[in-house]
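Fair warning: this is a prediction, and the values are worked out from it, not measured in the lab.
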Amino acid sequence: MSSRSQTIADTLTRAIIDHRLVPGCKLGERELAEIFDVSRIVVRQALIRLADDGLAQIERNRGAFVAKPSMQEAMEIYDALTLVEQGVAAQLSDRLGPAGWAELRHHVERQRQAVAVGNDALADVLGQEFHTVFVRLSRNKVMQEIHAQLVRRTTLLRSLITADFDYCNLLDDHSRVVDLLEKGRLKQVMDLIDTHHRSLVRGYIMDREVFPELTPAEALAPYLDGKADGSTTAIPLRRPAKAPGDGGAHVHVHLPKIDRAPTSRASTKKTNRGSSS
């Protein structure tokens with residue numbers, strides 16, 4: 001892949017992560033070639049890269065589209081994340097030194113502070129970053145690449161959720177992983193990682209699109225104008241219209257902690273919250 005194709009692939013990936021290019025959005029070669037002022041061949045190489053990462057689907061005689069994952073695919077992505085992170089946990093239990101434990105605990109503490117002051121945006125970012133830090137400490141480059149690719153695919157899933165995030169549950173899970181791992185309770189860590197990811201995938205509502213749909217030109221304009229400086233330019237949620245008798249526009253999904261008995265469906269509707277990482 002040429003450097004120009006790689007730059008375009010990176011820009012398109014960023015636009016998907018920021019929810020500016022939504023699942024199902026058409027990625028026309030001709031339109032993108034005009035936007036980026038390159039040949040269609042250069043654009044095609046970028047789209048192939050996105051397809052390899054699972055962020056785009058290329059259909060014969062129809063072209064490329066931002067991938068629109070199914071619930072089955074969501075389950076498979078999180079199953080893969082579970083296997084990767086369980087493997088990392090097995091490595092860290094024997095190899096991690098004082099500096100590594102300190103970094104994990106510092107990250108958990110930063111997330112705790114964000115939750116305490118109600119900074120949901122920062123808590124969300126830190127919640128996702130915890131998993132990246134966790135895998136990076138393995139110092140296994142191949143594992144890091146696989147994990148990063150899977151995390152990129154979860155960005156598509158995140159664009160379809162309508163649940164609020166339960167950052168307290170996230171924080172509890174992350175804190176317990178560090179505590180249990182440092183004590184050498186690997187089996188409990190493995191079970192917690194599995195429960196954590198299974199809870200997350202249950203939080204996705206796959207039949208609603210909650211971000212406004214932009215044309216590729218509108219979606220990519222901030223990056224081409226140099227306005228995207230590395231901070232998020234995410235699009236606000238487009239909440240579903242309130243239906244008569246539904247009590248509100250939000251759809252909430254309860255994600256139980258591992259040490260709590262399953263909640264009935266009736267009580268779930270009263271207390272539920274979703275989770276993102």
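The CD atom of Glu34 lies 9.5 Å from the CZ atom of Arg40; values are rounded to the nearest 0.5 Å. Considering NZ of Lys141 and CD of Glu145, their distance stands at 8.5 Å, rounded to 0.5 Å. To the nearest 0.5 Å, atom OG1 of residue Thr82 and atom NE2 of residue His197 are 5.0 Å apart. To the nearest 0.5 Å, the span separating CE on Met75 from OG on Ser70 amounts to 9.5 Å. Within the model, atoms NE2 of His107 and NE2 of His131 stand 9.0 Å from one another, a figure rounded to the nearest 0.5 Å. One finds the CD atom of Gln57 at 11.5 Å from the CG atom of Leu50 (value rounded to the nearest 0.5 Å).
More than 12 heavy atoms of other residues, nucleotides or ligands sit less than 6.0 Å from atom CE of Met143. Within 6.0 Å of atom CZ in Arg139, 12 or fewer heavy atoms from other residues, nucleotides or ligands are found, so the atom counts as exposed in its surroundings.
Side-chain contact between Asp79 and Leu83 is absent, with no heavy-atom pair separated by less than 4.5 Å. When side chains are defined from C-beta on, Phe36 does not count as touching Thr7, because their heavy atoms never get closer than 4.5 Å. Counting only heavy atoms from C-beta outward, the side chains of Glu85 and His147 approach each other to under 4.5 Å.
Closest of all the heavy-atom pairs between Ile8 and Ala46 is CG2-CB, 3.7 Å. What you find for His174 and Gly127 is that their closest heavy atoms are CE1-O, 3.3 Å. Residues Ser5 and Gln45 come closest through the heavy atom pair OG-OE1, 2.7 Å. The minimum heavy-atom distance linking Ile193 with Ala89 is given by the pair CD1-CB, 4.1 Å. Nearest heavy atoms, Leu137 versus Glu103: CD2-OE1, 3.5 Å. Annotation for Ala114 and Leu126: closest pair CB-CD1, 4.3 Å, computed over non-hydrogen atoms.
Although no hydrogens or angles enter the test, the distance criterion places a donor-acceptor pair under 3.5 Å between the side chain of Lys26 and the main chain of Arg62. The backbone N or O of Ser39 sits nowhere less than 3.5 Å from a side-chain atom of Arg44 that would complete a donor-acceptor pair. With Arg20 contributing its side chain and Ala221 its backbone, the two residues share no donor-acceptor pair below 3.5 Å. Judged purely by atom type and a 3.5 angstrom limit, Thr195 has no side-chain atom pairing as donor or acceptor with the backbone of Leu192. Side-chain atoms of Gln149 come within 3.5 Å of backbone atoms of Asp52 as a donor-acceptor pair (strictly under, hydrogens ignored).
Under 4.0 Å is where a charged nitrogen must lie from a carboxylate oxygen, and between Asp179 and Lys183 no such pair does. Using a cut-off of 4.0 Å between Lys/Arg side-chain N and Asp/Glu carboxylate O, Glu182 and Arg105 are scored as salt-bridged. With respect to Asp172 and Arg176, no salt bridge is recorded, no charged nitrogen being found less than 4.0 Å from a carboxylate O. Taking the charged nitrogens against the carboxylate oxygens, Arg49 and Asp53 do have a contact shorter than 4.0 Å, which makes a salt bridge.
Side-chain heavy atoms closer than 4.5 Å link hydrophobic residues (I, L, V, M, F, W, Y) into clusters, and following such links, even through other members, never connects Phe130 to Val117. Residues Leu27 and Leu224 share a single hydrophobic cluster, defined by chaining ILVMFWY side chains whose heavy atoms lie under 4.5 Å apart. Note on Phe65 and Val22: separate hydrophobic clusters, where clusters join Ile, Leu, Val, Met, Phe, Trp and Tyr whose side-chain heavy atoms are under 4.5 Å apart, directly or indirectly.
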### Task
Starting from the C-alpha separation in whole Å, work towards a yes-or-no answer on side-chain contact (heavy atoms from CB on, under 4.5 Å) for Leu186 and Met190.
CA-CA 6 Å; Leu186 186 57; Met190 298 288 200; 4.1 Å; yes
### Task
Please assess Leu96 against Leu104 for the test side-chain contact (heavy atoms from CB on, under 4.5 Å), listing each intermediate value before the final yes or no.
CA-CA 10 Å; Leu96 199 60; Leu104 283 175; 3.9 Å; yes
### Message
side-chain contact (heavy atoms from CB on, under 4.5 Å) for Val43 and Ile35? Distances and angles first, verdict last.
### Response
CA-CA 10 Å; Val43 169; Ile35 291 172; over 6 Å; no
### Message
Between Thr154 and Val151, is the side-chain contact (heavy atoms from CB on, under 4.5 Å) condition met? List the steps.
### Response
CA-CA 5 Å; Thr154 67; Val151 168; 4.2 Å; yes
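Judged purely by distance below 3.5 Å, without hydrogens or angles, the side chains of Gln6 and Asp10 pair a donor atom with an acceptor atom.
When the options Ile16, Leu12, Asp18 are evaluated for a side-chain contact (heavy atoms from CB on, under 4.5 Å) with Arg14, the one that passes is Asp18.
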